[in-house]
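Scroll down for the structure; my scribbles are underneath it.
Quick note: residue numbers are just sequence positions, from 1. The figures here come from the full heavy-atom set of this structure, side chains too, leaving out hydrogens, waters and symmetry mates.
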Amino acid sequence: MSDSTQSTIKWRCPSNIAIIKYWGKKEHQIPANPSVSMTLSAAFTEIEIDLTKKTNPDTVLNYFFEGKKNEAFEKRILHFLPAVSAWLPVLSTHALTINSHNSFPHSAGIASSASSFGALALGLLDASYPGKYENDRQSFLKEASRIARLGSGSACRSMAAPFCLWGEDEIFSGSNDEYAVPVGPVHPVFQNIADSIIIVDDSAKAISSSQGHALMKDHEFAAQRFEQAGKHTRELLAILGTGDWEKFIRITESEALTLHAMMMSSPTPFLLMKPGTLSVIQTVQSFRKEENLPLCFTLDAGPNVHILYPADISISVRPLLEEIQKTGNYRIIQDQTGKGPEKLR
Ligand code: DP6
């Protein structure tokens with residue numbers, strides 16, 4: 001941190017959508033299986049951290065979301081900070097006022113914890129070590145990923161693009177349970193993927209992701225699921241290199257449905273899909289068959305549907321989106337592969 005008593009740091013961090021799903025974790029946010037995600041572009045969090053020198057080492061934090069004090073998320077951050085304070089000396093030297101803003105509407109049904117904790121980790125790490133990583137962006141992003149993971153697991157996958165791998169697998173040297181790494185090489189056909197997010201329902205979920213992860217602990221099918229995720233990860237990474245859309249579709253949809261199958265078959269079964277979710281899935285699959293186009297769906301832990309396809313066939317996909325919009329009167333958020341986090345001046 002600089003010697004001046006006051007300074008400001010700003011970062012933008014994108015959200016991400018998992019292709020291979022992280023569902024189940026061990027202590028300290030260590031994932032039960034590897035996961036692979038695509039980094040988004042339009043869905044991001046921007047954070048502004050105002051730092052003021054203080055004399056007392058206790059953490060001083062004021063957190064505002066969209067201009068308003070947000071005590072619920074401030075509490076979550078205060079719970080997260082002790083776990084990462086050893087890596088963030090700024091916490092003991094400065095009082096923090098954080099202003100956070102999302103590019104997507106609050107009720108859009110897009111999980112904001114990935115981009116929020118991602119942005120927070122980037123800002124706090126940058127504030128702690130000004131200049132240290134100036135010529136080593138990769139190490140900076142690796143450390144930010146490690147810190148973000150302790151806030152929310154999926155947040156660690158927002159630090160690189162277009163795809164990230166989180167979780168150790170002996171086949172991929174450099175893969176790690178503590179942070180995500182970029183995946184490569186990625187074939188050109190997977191470098192620019194459009195993601196049309198169909199907001200089937202934007203109400204608060206009955207079961208949070210964290211509760212869902214916990215239910216994997218005594219899950220009857222946990223071992224098979226974790227093994228399958230490892231197998232899918234290896235297959236997907238090969239596919240990303242060769243550019244095979246057909247295989248990408250098979251794995252992506254299998255992962256989405258398996259995630260929800262795990263929820264439905266967990267010790268306390270629960271269901272996050274809505275009738276509209278199934279209807280959109282069926283419309284996507286019929287359209288794919290009729291038009292013979294490379295597109296597929298994926299789901300996160302909720303009822304909304306992400307439709308993925310090469311951005312350069314967007315015009316051909318438009319009739320599908322119009323049909324979905326007309327039948328369900330759903331809001332659609334348009335996103336695509338992004339480039340990763342960005343420091344703002
Ligand atoms: C279904 O990262 O939200 O979206 O680590 O408890 O914050 P916590 O969970 P979170 O879980 C994401 C689950 C998922 C799949 C994924 O993104 O891989």
For [X], give me all partners under salt bridge (Lys or Arg N to Asp or Glu O under 4.0 Å), at least two apart in sequence or on another chain.
X: Lys231; value: Glu235
X: Lys274; value: Asp201
X: Arg76; value: none

More than 12 heavy atoms of other residues, nucleotides or ligands under 6.0 Å from [atom1] of [X]: is that the case?
X: Leu344; atom1: CG; answer: yes
X: Glu71; atom1: CD; answer: no
X: Lys247; atom1: NZ; answer: no

Once salt bridge (Lys or Arg N to Asp or Glu O under 4.0 Å) is applied, what residue pairs with a partner in [range] remain, sequence neighbours excluded?
range: residues 35-49; value: Lys10-Glu48, Arg12-Glu46
range: residues 217-228; value: Arg225-Glu255
range: residues 303-322; value: none

Side-chain donor-acceptor pair under 3.5 Å between [X] and [Y], yes or no?
X: Asp50; Y: Gln6; result: no
X: Gln285; Y: Glu253; result: yes
X: Ser196; Y: Tyr309; result: yes

Output a table of donor-acceptor pairs, distance under 3.5 Å, between side-chain atoms of residues 290-297 and any protein atom two or more places apart or on a different chain; print 'none' if there are none.
none

Report task. Check for a donor-acceptor pair, side chain of Asp177 on one end and backbone N or O of Glu168 on the other, with a separation under 3.5 Å. Result -> yes
Query raised in the report: So, Ser116 side chain and Ser113 main chain: donor-acceptor pair closer than 3.5 Å or not?
Result: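 No; zero donor-acceptor contacts below 3.5 Å.
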Could you go through residues 36-44 and list every donor-acceptor pair under 3.5 Å that involves a side-chain atom there, pairing it with any protein atom two or more places apart or in another chain?
from, atom 1, to, atom 2, distance (Å)
Ser37, OG, Arg157, NE, 3.1
Thr39, OG1, Ala160, O, 2.5

**Report entry** Sidechain N-carboxylate O distance under 4.0 Å for Glu323, Lys326
**Finding:** no
Report summary line: Which of Tyr179, Tyr129, Tyr133 passes ring pair (Phe, Tyr, Trp, His ring centres under 6.0 Å) with Phe140? It is Tyr133
Set of residues satisfying side-chain hydrogen bond (donor to acceptor under 3.5 Å, both in side chains) with respect to [X], sequence neighbours excluded:
X: Lys69; value: Asn62, Glu74
X: Gln282; value: none
X: Ser139; value: Asp136

Query - Other cluster members, Trp166 - Ile/Leu/Val/Met/Phe/Trp/Tyr, side-chain contacts below 4.5 Å - result: Tyr22
Query raised in the report: What is the ring orientation for Phe73 with Phe117, classed by angle as parallel under 30°, tilted 30 to 60°, or perpendicular over 60°?
Result: tilted
